[in-house]
Number of protein chains: 2
Amino acid sequence: MTPAHPGPDFTALFSDRARRMNASAIREILKVTQQPDVISFAGGLPAPELFPLEDVRRATDAALTRYGSAALQYSTTEGHPPLREWLGRRAGIPAANVQIVTGSQQALDLLGKILISEGDTVLVEAPTYLGALQSFQPYGPRYVQLPTDDGGIDVDALETILRTTPAKLLYAVPNFQNPTGRTLNAERRRRLVELTGQHGVLVIEDDPYGQLRFSGEAAPSLYTLGLEYAGSVDANHIIYCSSFSKTLVPGLRDAWVQAAAPIIAKLVQAKQGADLHTPTLNQMIVTELLDDVLPRQIETVRRAYGERAAVMLTHIEQEFPGGVGYTTPEGGMFLWITLPQGLDSTRMLQRALDRNVAYVPGSPFFALGGGENTLRLSYSSATPGQIERGIAALGETIREALD
Amino acid sequence: MTPAHPGPDFTALFSDRARRMNASAIREILKVTQQPDVISFAGGLPAPELFPLEDVRRATDAALTRYGSAALQYSTTEGHPPLREWLGRRAGIPAANVQIVTGSQQALDLLGKILISEGDTVLVEAPTYLGALQSFQPYGPRYVQLPTDDGGIDVDALETILRTTPAKLLYAVPNFQNPTGRTLNAERRRRLVELTGQHGVLVIEDDPYGQLRFSGEAAPSLYTLGLEYAGSVDANHIIYCSSFSKTLVPGLRDAWVQAAAPIIAKLVQAKQGADLHTPTLNQMIVTELLDDVLPRQIETVRRAYGERAAVMLTHIEQEFPGGVGYTTPEGGMFLWITLPQGLDSTRMLQRALDRNVAYVPGSPFFALGGGENTLRLSYSSATPGQIERGIAALGETIREALD
């Protein structure tokens with residue numbers, strides 16, 4: 001074997017699909033913001049000091065004792081039966097309509113995989129969750145952006161679009177949306193379910209934050225309204241995704257999908273090819289925590305994020321110049337800033353970092369571009385003191401940019 | 001909202017990709033064979049009684065203590081740095097060329113995703129690992145089957161095929177192949193690396209069983225030969241996948257890929273969209289076990305499987321009628337039976353189940369069909385007594401079928 005042959009041109013060997021993938025804009029930004037001393041409102045990380053560490057330790061021990069080597073063996077693609085049963089019971093549906101996945105991100109990838117053919121129209125909020133765009137992108141969707149305001153998706157605009165555009169799928173985060181923190185109001189939820197039902201459009205309802213409401217009143221999920229609309233679990237055109245990442249801990253990667261039987265059956269096939277099953281032990285750990293730790297933990301996180309959001313809003317009100325818009329989230333981890341027209345949050349980021357504060361520019365959250373004057377702030381993992389100092393620094397940065 | 005609208009025709013909404021997915025033949029067979037009293041040689045399950053349960057318990061505790069809430073937080077897509085460093089050191093490559101994945105199955109899915117465009121030619125062994133076909137299938141490959149014998153892939157045939165067929169990818173399990181238990185011999189490995197290198201064909205070397213050799217001498221991995229051939233890590237056209245599923249435990253889903261930098265960079269993008277990262281805690285648990293438990297465990301599993309294989313071979317020799325061929329594995333979990341022409345192992349399965357013994361028919365392992373007279377036996381999770389009784393029952397079944 002003569003050594004030192006030049007390698008192949010790997011890039012030329014990538015699939016069409018791979019060419020549609022890009023490095024995440026946020027990921028690159030987060031690298032910059034991980035310098036010490038930087039107060040980061042950029043990451044979407046749950047507050048680690050609230051994690052139920054000792055409960056997880058105890059639950060792991062209990063799962064290993066209860067199940068022995070079965071906790072470490074291969075397990076079914078559909079997921080740990082007691083976990084599926086608990087989730088089904090809570091949603092009022094059979095366990096058979098629940099599929100466990102490795103983080104909500106996997107739900108989005110597998111749903112994209114089984115639903116999106118190249119060129120299919122996918123309706124997304126403007127702005128929308130960047131991770132969903134990343135999951136769907138390799139499958140070649142054609143995006144249509146839905147305008148939004150403080151009540152969520154503009155359903156009149158949706159109606160107009162559906163009249164002329166044959167769409168396959170609508171993707172939405174109705175509760176405390178990532179990135180805006182906005183919530184789709186109850187009346188619009190009903191109309192969205194009806195409109196998509198009438199037009200034969202499937203809906204992916206992504207709900208990682210729904211349990212983390214700290215003010216206002218909960219509206220029914222699209223999934224619940226879809227059940228009413230269809231009259232049966234297996235005719236529901238809403239596909240619901242949620243996760244234990246924001247309520248318990250993210251590092252175990254336990255999440256789930258609720259959907260009609262034909263969707264679940266195809267998801268099972270897709271998941272078999274993708275990773276066989278979600279780690280067995282991780283599903284058992286979460287199952288041990290469902291009845292006592294989860295409700296307590298939801299209360300803890302809800303209260304903490306409510307306080308942090310309030311502190312951030314108070315300081316925004318005090319520190320930001322007039323003409324800067326902001327959302328007022330009723331839950332979740334994010335709020336959304338709209339700078340006066342002409343300001344560019346991507347260009348402004350270096351100035352903010354010079355003042356030791358970081359955020360995520362808004363434009364990567366728009367499937368078709370736009371939003372240069374917007375940015376996302378996360379209040380979930382900063383202390384009140386950090387929020388105060390960070391918002392003051394950001395206020396100065398904006399003022400400077402306006403000069 | 002008027003209730004009881006008929007649901008959409010979900011099947012009509014599936015993507016082209018989803019239409020290429022099928023329920024796993026093996027999965028359906030395994031359901032049948034899970035009746036109590038059935039001695040199953042069908043599953044490919046590692047022996048659970050050998051799992052280092054108490055070590056995993058201790059390692060979990062240690063990881064939670066060492067890393068605290070970071071063990072339960074989101075983590076990097078590339079994987080836990082100490083784990084990547086250890087794997088890199090063992091392979092003599094930088095940690096940057098190691099990507100952690102959620103089971104080897106995810107490696108196959110992500111590699112298929114980034115490499116296979118619709119219609120690309122993928123060379124596979126005849127027979128090959130069914131799970132790889134399942135991962136690749138949605139991406140629309142055109143398979144070409146490589147003939148094999150007891151020395152593995154017939155490299156003369158490979159040379160002939162490469163002369164006329166522009167191929168993108170070759171997928172192989174060189175050590176104790178699933179399903180045949182065969183090993184690609186050292187001389188053929190060199191030729192395979194050279195031939196694919198000359199023709200610009202990437203190779204996925206899937207090596208879950210390589211550490212489980214119980215007889216004979218190890219040949220260098222294709223990856224190592226690829227390093228020699230290319231003279232540098234980032235020009236190596238061999239992509240190596242392995243896993244802790246068969247050496248430690250499968251239920252944690254910890255596996256990895258070694259590859260040239262451009263492949264790793266694209267894998268990272270694909271994995272971000274697929275599940276963000278492999279569960280944090282699971283990577284830390286395995287890392288705690290690398291230095292003391294892993295080598296001990298490899299010895300334990302190797303010895304046990306060697307004994308079980310020997311028992312199975314002894315009883316096959318005694319119980320099976322003349323004209324039945326079988327492989328003699330030097331490691332791993334499987335051996336392969338070739339029945340006399342005209343017998344159909346799928347049709348024979350019910351008769352075997354009537355005698356309380358199960359196996360997997362061979363034909364699903366052929367990408368393009370064939371192998372009706374073959375079947376796979378796994379000896380990894382049966383006791384010597386079960387093997388003796390099961391092989392006797394299978395011998396009777398074959399004799400009866402021959403009558």
Side-chain angles (χ1 to χ4, degrees), chain A residues 1 3-5 7-8 10-11 13-18 21 23-24 45 48 51 53 57 60 64 69 72-74 102-103 105-106 109 113-117 134-135 190 194 197 200 202 228-231 235 237 249-253 260 262-263 266 269 272-276 279-282, chain B residues 1 3-5 7-8 10-11 13-18 21 23-24 45 48 51 53 57 60 64 69 72-74 102-103 105-106 109 113-117 134-135 190 194 197 200 202 228-231 235 237 249-253 260 262-263 266 269 272-276 279-282:
Chain A
M1 210 175 315
H5 295 80
F10 292 102
T11 311
L13 292 168
F14 287 149
S15 64
D16 307 334
R17 210 174 299 110
M21 299 176 192
S24 156
L45 297 183
F51 289 173
L53 188 66
R57 195 194 298 268
T60 309
L64 287 170
S69 58
L72 303 173
Q73 183 60 288
Y74 286 115
T102 313
Q105 193 69 38
Q106 187 181 49
D109 176 48
K113 195 171 191 174
I114 68 169
L115 294 171
I116 304 172
S117 286
Q134 265 188 287
S135 288
R190 286 178 198 277
E194 286 180 344
L202 299 179
E228 279 178 34
Y229 177 82
H237 68 290
V249 298
L252 293 173
R253 317 299 298 121
I263 298 286
K266 193 51 85 174
Q269 292 175 16
Q272 271 197 282
D275 68 356
L276 290 180
T280 317
L281 179 61
N282 302 34
Chain B
M1 209 175 317
H5 295 79
F10 291 102
T11 312
L13 292 168
F14 287 149
S15 64
D16 307 335
R17 211 173 297 110
M21 300 177 191
S24 156
L45 297 184
F51 289 172
L53 188 65
R57 194 194 298 267
T60 309
L64 287 170
S69 58
L72 304 173
Q73 183 60 289
Y74 286 114
T102 312
Q105 193 71 36
Q106 187 181 48
D109 177 47
K113 196 171 189 173
I114 68 168
L115 293 172
I116 303 172
S117 286
Q134 264 188 290
S135 288
R190 285 177 198 278
E194 285 180 346
L202 299 179
E228 279 177 34
Y229 177 82
H237 68 290
V249 297
L252 293 174
R253 317 298 298 120
I263 298 286
K266 193 50 85 173
Q269 293 175 15
Q272 271 197 280
D275 67 357
L276 291 180
T280 317
L281 180 60
N282 302 34

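Here is the naming used below: chain letters follow the sequence lines, and residue numbers restart at 1 for every chain. These values consider heavy atoms only, across backbone and side chains, with no hydrogens, waters or symmetry-generated copies. Only a predicted model underlies this, so the values are computations on that prediction, with no experimental measurement involved.
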- Using non-hydrogen atoms only, which part of A/Tyr74 is less than 4.5 Å away from chain B: side chain, backbone, both, or neither?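 Both parts, backbone and side chain.
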
- Message: So for A/Leu64, is it side chain, backbone, both, or neither that comes closer than 4.5 Å to the heavy atoms of chain B?
- Response: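 For A/Leu64, the contact with chain B is made by backbone and side chain together.
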
Of the backbone (N, CA, C, O) and the side chain (C-beta and beyond), which part of [X] lies under 4.5 Å from a heavy atom of chain A, both, or neither?
X        : value
B/Phe10  : side chain
B/Ile114 : both
B/Asp16  : both
B/Thr60  : side chain

- Taking B/Arg253 for its side chain and A/Pro279 for its backbone only, find out whether a donor-acceptor pair lies under 3.5 Å.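 Side chain of B/Arg253 to backbone of A/Pro279: no pair is present.
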
- Query: Counting N and O atoms only, with roles assigned by atom type, does the side chain of A/Lys266 sit under 3.5 Å from a partner on the main chain of B/Phe14, one being a donor and the other an acceptor?
  - Reply: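 No: the side chain of A/Lys266 does not pair with the backbone of B/Phe14.
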
- Task: Measure the NE2-NE2 distance between B/His5 and A/His237 for me, rounded to the nearest 0.5 Å.
- Result: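 So the gap between those two atoms works out to 9.5 Å.
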
- Query: Say you draw a straight line from CD of B/Gln272 to CE of A/Met21; how long is it, rounded to the nearest 0.5 Å?
  - Reply: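 Rounded to the nearest 0.5 Å, the CD-CE separation comes out at 11.0 Å.
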
- Message: Which heavy atom of A/Pro8 sits nearest to which heavy atom of B/Ala235, and what is that distance?
- Response: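 Heavy atoms of A/Pro8 and B/Ala235 come nearest at CD-O, 3.7 Å.
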
- Query: Of all heavy-atom pairs between B/Ser117 and A/Ser15, which one has the smallest distance, and what is that distance?
  - Reply: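 Heavy atoms only, the tightest pair is OG-CA, 3.2 Å.
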
- Item | Close side-chain approach of A/Gln73 to B/Pro250, heavy-atom, < 4.5 Å |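 Yes, at least one pair of side-chain atoms sits under 4.5 Å.
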
Closest-packed option against chain B by number of heavy-atom pairs under 4.5 Å, given [options]:
options                              : value
A/Gln134, A/Gln269, A/Gln106         : A/Gln269
A/Leu276, A/Ile263, A/Thr11          : A/Leu276
A/Leu13, A/Thr102, A/Val249          : A/Leu13
A/Asn282, A/Thr280, A/Leu45, A/Leu72 : A/Leu72
A/Gly103, A/Gly200, A/Ser135         : A/Ser135

- Candidate pair A/Asp109 and B/Asp275, rule side-chain contact (heavy atoms from CB on, under 4.5 Å), full reasoning: CA-CA 8 Å; A/Asp109 176 48; B/Asp275 67 357; over 6 Å; no

